Number of protein chains: 2
Amino acid sequence: MSRTEEQGGVPATGSLAHRVPDLGGLELLLAVARLGSLGGAARELGITQPAASSRIRSMERQLGVALVDRSPRGSRLTDAGALVTDWARRIVEAAEAFDVGAQALRDRRDSRLRVAASMTIAEYLLPGWLLALRAQRPDTAVSLHAGNSTVVAERLLSDEADVGFVEGLTVPTGLDSVVIAHDRLIVVTAPAHPWARRRRSLAAEELASTPLILREKGSGTRQVLDAALGGLARPLIELSSTTAVKAAAVSGAGPAVLSELAVGEELAMRRLVRVPVDGVALARDLRAVWPTGHRPTGPARDLLSLTRG
Amino acid sequence: MSRTEEQGGVPATGSLAHRVPDLGGLELLLAVARLGSLGGAARELGITQPAASSRIRSMERQLGVALVDRSPRGSRLTDAGALVTDWARRIVEAAEAFDVGAQALRDRRDSRLRVAASMTIAEYLLPGWLLALRAQRPDTAVSLHAGNSTVVAERLLSDEADVGFVEGLTVPTGLDSVVIAHDRLIVVTAPAHPWARRRRSLAAEELASTPLILREKGSGTRQVLDAALGGLARPLIELSSTTAVKAAAVSGAGPAVLSELAVGEELAMRRLVRVPVDGVALARDLRAVWPTGHRPTGPARDLLSLTRG
DNA sequence: CCTGCTCATAAACCCAGCTTATGTCGCCAT
DNA sequence: ATGGCGACATAAGCTGGGTTTATGAGCAGG
């Protein structure tokens with residue numbers, strides 16, 4: 001009780017890392033949940049049984065909640081433990097996505113499968129695909145380069161990438177493509193915003209006449225919106241990253257227009273609410289692209305088949 | 001290069017924790033991204049500048065990617081760094097949800113606001129709400145107890161909880177309620193499943209005649225489904241947790257029926273695909289409940305206003 | 001009653017990350 | 001120019017959490 005104020009019901013602004021167990025601990029907890037045994041989980045993670053025991057114990061101390069019921073015949077999760085484990089799983093899944101993304105980012109030149117993708121796709125979709133690809137072809141080393149449509153096209157045409165993904169309205173010349181998914185711009189607000197309570201869809205002119213939180217002019221998202229509204233979109237603020245737009249919307253600054261890919265989590269957690277809109281074409285195609293004639297083969301083909309679903 | 005095989009393009013089955021920076025590091029990275037300075041980020045996290053410098057450096061070594069551009073006038077993220085930071089943000093957000101949930105779970109008896117909630121709501125929705133509540137009323141200590149509708153009702157009636165949340169088809173007697181959200185059971189498959197390519201909605205009888213991955217009989221989810229289909233649901237497998245059902249569906253075992261709350265992330269990451277269904281009433285209300293007459297006041301009322309959006 | 005599984009405890013060790021102290025570089029105002 | 005200031009880097013020493021090995025103790029089943 002010497003340091004700051006980790007105690008009591010006070011919010012304790014002290015960093016998360018002091019109040020949330022580290023990834024190793026969370027993985028261990030998941031393993032215990034799955035295997036029903038501390039020792040088994042320890043074996044799976046390549047540590048010893050006392051290490052696992054002590055780690056779990058220290059997590060329980062840190063959280064102030066009993067997580068597992070120990071018995072001489074195994075360990076089962078507490079009710080609270082089950083809940084905590086589910087929350088932990090979300091962290092670990094995010095970490096897995098991070099991992100495959102980072103791994104792809106690292107392997108520079110000579111990887112077996114070189115992917116070039118637009119920012120949005122690289123950020124939100126690719127980690128999931130790579131996770132699936134790894135399940136199917138564990139030995140494939142993937143490298144990833146992120147950039148806008150032009151950059152993707154350049155890398156493909158100069159043979160620095162085997163397959164690309166773009167999200168624009170048009171396909172760069174010299175490339176063949178196939179639509180792999182449909183993205184949509186959607187209007188979102190904080191749950192407290194009046195629009196969140198609407199039952200009827202928003203009309204196009206209503207959207208066009210309301211100041212919105214938007215990406216800066218020139219961004220892909222903004223281009224699509226302006227095209228759909230006939231260039232009428234009225235900015236409340238213009239921000240230069242998807243993240244900043246989300247943050248502003250969540251904090252209640254106003255309605256925002258964003259790719260549905262970017263707000264899946266926020267919608268699921270009800271931090272943002274989707275506002276239905278009528279009569280505006282906010283859909284855009286996500287496409288896999290490759291140099292004309294050079295149909296993807298091998299791992300690239302596998303990746304495509306995963307994405308087409 | 002002495003230990004195992006952290007090197008090369010090989011998948012390296014070694015635990016995540018060795019390949020993903022710890023939460024402290026990720027928080028630091030986010031702070032650097034936001035503040036544009038190592039020293040500033042260090043100050044915000046209450047550590048010294050050399051510590052921050054070294055930590056970031058070790059993350060770069062671990063990931064094999066340069067994350068920040070250092071200059072004598074500040075530090076800016078690399079392109080790769082921006083991407084990594086966005087992935088990191090998802091981990092940190094999951095950790096925040098974990099944190100508020102765990103905190104609520106810990107504070108047993110004498111907390112200011114005692115919440116009882118059904119498992120699904122406690123797992124997927126409450127962390128988000130509590131995060132919002134904390135932003136609005138930072139001093140409120142919240143405690144959480146999770147259980148089925150009956151348990152929630154008991155705790156409310158015995159004054160062990162100030163407000164409850166249930167997801168059943170009926171409201172337990174002795175309680176007043178208000179609908180705060182609508183949940184829906186949805187049919188999902190792995191992207192590779194034939195149903196994922198369907199353009200037309202599934203008919204009710206088609207759903208009823210296909211073996212599905214389901215929760216066990218007696219679970220809330222299963223009750224709703226059986227009621228909607230007239231007790232006809234045909235199980236391919238029956239599993240006893242939402243997580244297990246999700247895992248089976250993701251791995252391609254077949255179509256599954258799950259709460260849309262449970263699969264928000266999977267849908268966003270395209271690990272699962274939603275299959276539209278026609279003519280089946282799979283919606284169910286999520287309700288806030290309280291002892292008849294005792295309308296929530298104070299923090300409980302605030303929480304409700306957050307959830308109603 | 002012994003064998004085999006489980007988890008707990010104890011003592012020694014090791015390394016990641018921290019701090020303090022100092023150095024270097026570029027910009028800016030005097 | 002020149003001193004000052006802010007930002008990052010480097011070096012050396014300390015600390016603590018997590019690890020290992022070694023051992024003990026409870027409960028089941030042949």
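All of these numbers come straight from a predicted model, not from anything done at the bench. So you know, we letter chains A, B, ... as the sequences are listed, proteins then strands, and number each from 1. Below, all heavy atoms of this structure are taken into account, side chains as well, without hydrogens, waters or symmetry copies.
Counting only heavy atoms from C-beta on, A:S58 has its side chain closest to D:dG18 among C:dT9, D:dA7, D:dG18. Checking C:dA8, C:dC7, D:dA9 against every side-chain atom of B:R57, the shortest atom distance belongs to D:dA9. Listed nucleotides C:dT19, C:dT9, D:dG26 differ in distance to A:P50; the shortest reach to its side chain belongs to C:dT9. Residue A:S75 places its side chain closer to C:dC7 than to any other of D:dG6, D:dT20, C:dC7. Of all nucleotides listed (D:dC27, C:dT20, C:dC18), C:dT20 comes nearest to the side chain of B:T48.
As a whole-Å value, the separation of B:D22 CG from C:dG17 P is 6 Å. A:R73 places its CZ atom 14 Å from the P atom of C:dC5, with the value rounded to the nearest Å. Taking atom CZ of A:R70 as the reference point, atom P of D:dG26 lies 17 Å away to the nearest angstrom. Look at CZ on A:R61: it is 12 Å from P on C:dT9, rounded to the nearest Å. Going from atom CG of B:D69 over to atom P of D:dA9 covers 11 Å, rounded to whole Å. As rounded to whole Å, 11 Å separates atom P of C:dC7 from atom CG of A:L28. Atom NE2 of A:H18 and atom P of C:dG17 are 12 Å apart (whole Å). Distance, A:R43 CZ to D:dT19 C1': 17 Å, rounded to whole Å.
Within the 4.5 Å cutoff, the side chain of B:I56 has heavy atoms near those of the B:L29 side chain. The side-chain heavy atoms of B:E93 and A:R271, taken from C-beta on, include a pair separated by under 4.5 Å. A:V92 places a side-chain heavy atom less than 4.5 Å from the side chain of A:E96.
Classification of B:E60 and B:R70 as a salt-bridged pair holds, one side-chain N sitting under 4.0 Å from a carboxylate O.
For the pair B:A52 and A:G36, both in contact range of DNA chain C, the more 5′-proximal nearest nucleotide belongs to A:G36. Looking at which nucleotide of DNA chain C each of A:S54 and B:G46 is closest to, the 5′-most match is held by A:S54.
For the atom pair B:E44 CD and B:E27 CD, the distance stands at 9.0 Å (nearest 0.5 Å).
A sub-4.0 Å separation between OP1 or OP2 of D:dA9 and a side-chain N or O of B:S53 is present. The phosphate of C:dC7 (OP1 or OP2) has no side-chain N or O of A:S71 nearer than 4.0 angstrom.
With hydrogens and angles left out, the side chain of B:Q49 and the base of D:dA7 share no donor-acceptor pair within 3.5 Å.
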